[in-house]
Amino acid sequence: MKKHVLIAVLCIGIAPFFANSSSFEQITKFAENICDRVKTSGSIERAQIMGKLRGEAKTLVKLIGGEIGIDGSITVDNQKYDGIPFNDLPAQMTDARACRKELALMLLEREKAIQTIQTGYKASQPQFKVTTNGYDAHIMSQPNFKSFVDIQSNNLKVARLLEGTKINVLADSTIEDVHGLSVPWKKVQIASGEHAGKVGWLPEKNIVEM
């Protein structure tokens, strides 16, 4: 108990910046367990900790997220990243207490990095898709509702959209006056299908959240 309190005191100043209280406690307990299994007295080498961590891959995944590969890499949402930063540990630590502190800090930092990756990955994914409302739908080179609904004309039409096509909604928007009626438009980028990457305008009524 005293050892756990000590490692918590050593790390508590930075804990709010790296993990919630639950994961912080789990990580500090894990660090204590790993270091004490290596050696309870005397200096501890980085290589010894590396061996123990590789043998605890499943536990590490639960603690910090992602999937840990045989080579130590971490996979998050099918994206592969550098794994546990073993080199961040000192080559040699004076004792188990120093080991607990260094290991806990390293894991807390890696947990924060993985959370940042996951957040960024999700934010980068298309959040919207096309609804055709049962009619032909195209992105337009400029807002023009008359051309948009005219199935006989390809004027200003950039690409035909299928129901469910994923799109990224860009910052630009405008409202077109159509015989006294307001038609809001959004600038979008197609994110799936054969026209992926193309940019144009789409009526707001044809955009729905995923």
Side-chain angles (χ1 to χ4, degrees), residues 14 16-24 60-85 107-210:
I14 65 163
F17 300 100
F18 292 108
N20 59 49
S21 58
S22 173
S23 63
F24 172 70
L60 275 173
V61 168
K62 291 180 181 179
L63 283 175
I64 63 177
E67 298 176 359
I68 298 179
I70 296 176
D71 60 354
S73 63
I74 293 176
T75 301
V76 179
D77 291 319
N78 296 319
Q79 300 292 314
K80 191 173 181 180
Y81 302 89
D82 290 339
I84 299 295
L107 294 177
L108 286 167
E109 289 174 350
R110 184 46 49 132
E111 182 197 37
K112 184 179 188 301
I114 290 176
Q115 289 174 347
T116 300
I117 289 168
Q118 290 172 327
T119 300
Y121 179 83
K122 290 174 183 176
S124 69
Q125 299 307 297
Q127 303 296 313
F128 299 92
K129 64 181 179 179
V130 171
T131 177
T132 63
N133 297 313
Y135 300 94
D136 271 357
H138 297 74
I139 57 168
M140 311 289 290
S141 60
Q142 65 186 56
N144 189 306
F145 192 71
K146 181 180 178 181
S147 294
F148 181 80
V149 297
D150 185 354
I151 61 174
Q152 302 298 325
S153 171
N154 288 322
N155 184 39
L156 304 178
K157 294 177 179 177
V158 175
R160 185 171 182 270
L161 300 169
L162 300 177
E163 181 72 28
T165 299
K166 295 178 182 179
I167 54 174
N168 293 310
V169 176
L170 307 179
D172 294 343
S173 62
T174 190
I175 296 177
E176 179 189 11
D177 182 272
V178 181
H179 305 299
L181 296 176
S182 295
V183 178
W185 291 77
K186 294 282 190 182
K187 198 168 191 178
V188 303
Q189 181 182 50
I190 301 175
S192 66
E194 62 177 313
H195 298 299
K198 291 184 178 179
V199 174
W201 292 87
L202 188 64
E204 204 170 275
K205 70 182 181 66
N206 293 94
I207 302 171
V208 294
E209 291 188 7
M210 296 280 288

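Across Asn144 and Met140, no two heavy atoms sit closer than the pair O-CE, 3.9 Å. For Ala196 against Ala191, the heavy-atom pair with the smallest separation is CB-C, 4.1 Å. Listed here is the closest heavy atom pair of Val183 and Phe145: CG1-CD1, 4.0 Å. Across all non-hydrogen atoms, the minimal contact from Phe128 to Glu209 is CE2-CG, 3.6 Å.
To the nearest 0.5 Å, atoms NZ (Lys187) and OG (Ser173) are separated by 11.5 Å. To the nearest 0.5 Å, atoms OG (Ser141) and CG (Asn155) are separated by 7.5 Å. A distance of 8.0 Å separates CD of Glu111 from CG of Leu63, quoted to the nearest 0.5 Å. Between the OG1 atom in Thr132 and the CG atom in Asp136 there is a gap of 8.0 Å [rounded to 0.5 Å]. Expressed to the nearest 0.5 Å, how far CG of Asn168 lies from CD of Gln127 amounts to 8.5 Å.
Under a cut-off of 6.0 angstrom, the local environment of NZ in Lys129 is sparse, with at most 12 non-hydrogen atoms contributed by other residues, nucleotides or ligands. Within 6.0 Å of NZ on Lys205 lie more than 12 heavy atoms contributed by other residues, nucleotides or ligands.
Judged purely by atom type and a 3.5 angstrom limit, Asn206 uses its side chain to pair as donor or acceptor with the backbone of Thr131. The main-chain N or O of Tyr135 is never found under 3.5 Å from a side-chain atom of Asn133 such that the two would form a donor-acceptor pair. Under a 3.5 Å cut-off, the side chain of Gln189 and the backbone N or O of Leu170 do not form any donor-acceptor pair. For the pair Ser192 (side chain) and Thr165 (backbone), a donor-acceptor distance under 3.5 Å is absent.
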Candidate pair Gln142 and Trp201, rule side chain to side chain donor-acceptor pair (under 3.5 Å), full reasoning: CA-CA 6 Å; Gln142 65 186 56; Trp201 292 87; over 6 Å; no
Worked check of side chain to side chain contact (heavy atoms under 4.5 Å, CB included) between Ile207 and Lys186: CA-CA 9 Å; Ile207 302 171; Lys186 294 282 190 182; 3.6 Å; yes
Side chain to side chain contact (heavy atoms under 4.5 Å, CB included) between Trp185 and Glu176, worked out: CA-CA 7 Å; Trp185 291 77; Glu176 179 189 11; 3.0 Å; yes
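Partners of Lys198 according to the side chain to side chain contact (heavy atoms under 4.5 Å, CB included) rule, which considers only residues two or more places apart in sequence or in another chain, are Ile139, Val158, Ala159, Ile190, His195.
The shortest side-chain heavy-atom distance between Val130 and Val188 does not fall under the 4.5 Å cut-off.
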